[in-house]
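In what follows, a structure is listed as structure tokens, so that the remarks can point back to it.
None of these values were measured; they are calculated from a predicted model.
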Amino acid sequence: MTVHLHWFLPTGGDGRTLVDRHAYTDGGITRNRSGAIAGVRAPDIAYLTQIAKAAERLGFEAVLTPTGTWCEDAWLTTVALAQHTERLKFLVALRPGVLSPVLAAQMAATYQRITRGRLLLNVVTGGDSVEQRRFGDHLDHDQRYARTAEFLSVVRGVWSGRPYDFQGEHYQVEGGLTALPPDPLPELFFGGSSPAAGPVAAEHADVYLTWGEPPWQVKEKIDWIRRLAEERGRTVRFGIRLHTISRDSSREAWATADRLLTDLDAETVAAAQALLGRSESVGQQRMLALHGGGALDRDRLEIAPNLWAGVGLVRGGAGTALVGSHADVADRIEEYHDLGVEHFVLSGYPHLEEAYWFGEGVTPLLAERGLLTTVPASPLLAGAAGLAGIGGGR
């Protein structure tokens, strides 16, 4: 089992600070005289293209694009970026309940033809009722997961290429059809830490994706989902969502983490924690529990070797980062890989620069250890083009 590396597209804004998911749209943030938000890069197509091209150049397999009212639409943004890239895949987040499952199946099929098979799907059930109501969705937490199960049943049924009927509590479909099914079928990534989420993942997910918890907690999740999948006669692969701060030395990496903390004050952290604390998401509550209430203290924020919970002080969702030298970060990735994690969905602030730090520092080490089959060929090597085989993956 080799490692699959993915990066992140910050379609809600980017910058050199811990930009939270509302940074680009929050009118209360300080702006300069031109109207720009201080310290934040707008997610325009030119900047996102830079990140996508960097990810492709550095050998990342795909980029994750989020979904929500706080960011650009994932489908439209990524299909535009596909025209500026050649191999890069797009892990597009979608929310069941805000569109018809038959339409979603059709959109995926069209997307695969437009991009020549470069679509992956990240299914986001939604753990925040306030955000869901913005889309007109008023179901409670567990009902949303029940609907997701029906949604995915319909999507897979429609992809069969034959008329598909479905009668459920949330969807009633007669003759649902995608005349030309997607080829290949997009892999389905799915996350959720609640009792309601587990059976849905076991029944429908190709890849179960967890946020970056300490290895022993990740192992518990893997064992849980693997058992549920085996009971259903299925096999599920596993992925993890993490930020990274990788440098030539451990001291440099931790200095960068410390600098990110200096941009925060106690009031900002308290306000963010109060907002995030109202989330219904079990995964979000687990993230909040990792840093013990938001102390601005590096010693308390390093919750496992090289695993730093500082991002979660102000950012919802993925709240931990791998921090250390390139070798340190490679060690931690290998540790998670040994537990059964295959897909690593990574990010960092700012996303353009951190992609290079990781791609030029950590990726070659993973290849040397036999965890990657390919790494990008150096443009300095005569005749080098595309991807060059390395290590044990030949």
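- Gly310 and Leu301 make their closest contact through CA-CD1, 4.1 Å (heavy atoms, listed as atom of the first residue, atom of the second, distance).
- No donor-acceptor distance shorter than 3.5 angstrom exists from the side chain of Glu342 to the backbone of Gly239, with no hydrogens or angles considered.
- Residues Glu220 and Val218 have side chains not in contact (no heavy-atom distance under 4.5 Å, counting atoms from C-beta outward).
- Counting all heavy atoms, side chain and backbone alike, Leu307 lies closest to Gly212 at CD2-O, 3.9 Å.
- In this structure, the side chain of Glu56 does not engage the main chain of Phe60 through any donor-acceptor pair within 3.5 Å.
- When atom types are taken as modelled, the side chain of Tyr208 and the backbone of Lys221 share no donor-acceptor pair closer than 3.5 angstrom.
- Residues Ser153 and Glu150 bring no donor and acceptor atom of their side chains to less than 3.5 Å of each other.
- Residues Leu91 and Leu152 are members of separate hydrophobic clusters, defined by side-chain heavy-atom contacts under 4.5 angstrom among Ile, Leu, Val, Met, Phe, Trp and Tyr.
- Of the residues listed (Thr363, Leu365, Asp331), the one engaging His326 in a side-chain contact (heavy atoms from CB on, under 4.5 Å) is Leu365, and it is the only one.
- Side-chain contact between Glu334 and Leu371: present, with at least one pair of heavy atoms (C-beta onward) separated by less than 4.5 Å.
- Classified by interplanar angle (parallel below 30°, tilted 30° to 60°, perpendicular above 60°), the ring pair Trp254/Trp308 is perpendicular.
- For the atom pair OG1 (Thr11) and CG (Asp44), the distance works out to 12.0 Å, reported to the nearest 0.5 Å.
- In this structure, Ala80 and His84 approach most closely via the heavy-atom pair O-CD2, 3.3 Å.
- Here the OG-OH distance, from Ser194 to Tyr145, works out to 4.5 Å after rounding to the nearest 0.5 Å.
- In this structure, the side chains of Trp159 and Pro186 come closer than 4.5 Å at one or more pairs of heavy atoms.
- Using modelled atom types, one finds no donor on one side chain facing an acceptor on the other under 3.5 Å when comparing Thr85 with Lys53.
- In terms of heavy-atom proximity, Arg147 sits nearest to Leu139 at NH1-CD1, 3.3 Å.
- No side-chain donor-acceptor contact under 3.5 Å links Ser325 and Ser250.
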In residues 162-181, what donor-acceptor pairs under 3.5 Å come from side-chain atoms, sequence neighbours left out?
| residue | atom | partner | partner atom | Å |
| --- | --- | --- | --- | --- |
| Asp165 | OD1 | Gly175 | N | 2.6 |
| Gln172 | NE2 | Gly168 | O | 2.6 |

Next on the checklist: Pair Arg226, Glu231 - check salt bridge (charged side-chain N to carboxylate O under 4.0 Å, His left out), show working.
Outcome noted: CA-CA 9 Å; Arg226 184 173 283 154; Glu231 291 173 356; over 6 Å; no

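- Contact check on Glu230 versus Arg234 returns no salt bridge, with no Lys/Arg side-chain nitrogen under 4.0 Å from an Asp/Glu carboxylate oxygen.
- Hydrophobic clustering keeps Leu103 apart from Val124 (ILVMFWY residues linked when any side-chain heavy atoms are closer than 4.5 Å, directly or through intermediates).
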Item to check | Derivation and outcome, side chain to side chain contact (heavy atoms under 4.5 Å, CB included), residues Phe151 and Val155 | outcome: CA-CA 6 Å; Phe151 181 96; Val155 167; 3.7 Å; yes

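- The shortest side-chain heavy-atom distance between Leu58 and Trp357 does not fall under the 4.5 Å cut-off.
- You'll find the side chain of Val63 stays beyond 4.5 Å of the side chain of Ile51, heavy atoms only.
- Of the possible polar contacts, none joining the Arg116 side chain to the Gln112 backbone as a donor-acceptor pair under 3.5 Å is found.
- Arg332 contributes no side-chain N or O that, together with a main-chain N or O of Asn306, makes up a donor-acceptor pair within less than 3.5 Å.
- Within the 4.5 Å cutoff, the side chain of Ser100 has heavy atoms near those of the Val102 side chain.
- Hydrophobic clustering (ILVMFWY, side-chain heavy atoms < 4.5 Å, transitive): Leu64 and Tyr356 are in distinct clusters.
- Within 6.0 Å of CZ in Arg251 there are 12 or fewer heavy atoms belonging to other residues, nucleotides or ligands.
- Grouping the Ile, Leu, Val, Met, Phe, Trp and Tyr side chains by contacts below 4.5 angstrom, directly or via other members, places Leu81 with Leu94.
- Not a single donor-acceptor pair under 3.5 Å links the side chain of Arg41 to the backbone N or O of Asp14.
- For the pair Arg118 (side chain) and Ala82 (backbone), a donor-acceptor distance under 3.5 Å is present.
- Ser193 and Ala197 get closest at one heavy-atom pair: N-CB, 4.1 Å.
- His4 and His343 have parallel rings, their planes meeting at less than 30° on a 0 to 90° scale where 60° marks the start of perpendicular.
- In this structure, CZ on Phe8 lies 7.5 Å from OG1 on Thr65, to the nearest 0.5 angstrom.
- Counting heavy atoms from C-beta outward, Leu121 and Phe190 have side chains that stay 4.5 Å or more apart.
- When hydrophobic clusters are built by joining Ile, Leu, Val, Met, Phe, Trp and Tyr residues whose side-chain heavy atoms come closer than 4.5 Å, directly or via intermediates, Val79 is grouped together with Phe90.
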Side-chain donor-acceptor pairs under 3.5 Å in residues 200-207, sequence neighbours left out?
| residue | atom | partner | partner atom | Å |
| --- | --- | --- | --- | --- |
| His204 | NE2 | Ala149 | O | 3.3 |
| Asp206 | OD2 | Arg156 | NH2 | 3.3 |
| Asp206 | OD2 | Leu188 | N | 2.8 |

Item to check | side chain to side chain contact (heavy atoms under 4.5 Å, CB included) assessment of Thr67 paired with Val98 | outcome: CA-CA 11 Å; Thr67 180; Val98 304; over 6 Å; no

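- The OG1 atom of Thr78 sits 8.0 Å away from the CG atom of Leu9 when rounded to the nearest 0.5 Å.
- The residues Asp223 and Lys219 are annotated as salt-bridged, a charged nitrogen and a carboxylate oxygen being separated by less than 4.0 angstrom.
- Checked against the 6.0 Å centroid criterion, the rings of Phe344 and His337 do not qualify as a close aromatic pair.
- With rounding to the nearest 0.5 angstrom, the CG atom of Asp328 is 10.0 Å from the CG atom of Leu322.
- The aromatic rings of His351 and Tyr349 sit perpendicular to each other, their planes meeting at more than 60°, with 30° as the lower class boundary.
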Checklist entry - How far apart are the C-alpha atoms of Leu119 and Lys89, what are their side-chain angles, what is the distance that settles it, and do they pass the side chain to side chain contact (heavy atoms under 4.5 Å, CB included) test? => result CA-CA 6 Å; Leu119 175 66; Lys89 296 179 182 179; over 6 Å; no

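- Within the 3.5 Å criterion, the main-chain N or O of Gly12 finds no donor-acceptor partner in the side chain of Glu72.
- Heavy-atom minimum distance, Leu120 versus Ala62: CD1-CB, 3.9 Å.
- Proximity of a side-chain donor or acceptor of Asn122 to a complementary backbone N or O of Val92 within less than 3.5 Å is not detected.
- Residues Phe238 and Ile225 have side chains in contact (heavy-atom distance under 4.5 Å, counting atoms from C-beta outward).
- Expressed to the nearest 0.5 Å, how far CD1 of Ile240 lies from OH of Tyr336 amounts to 4.5 Å.
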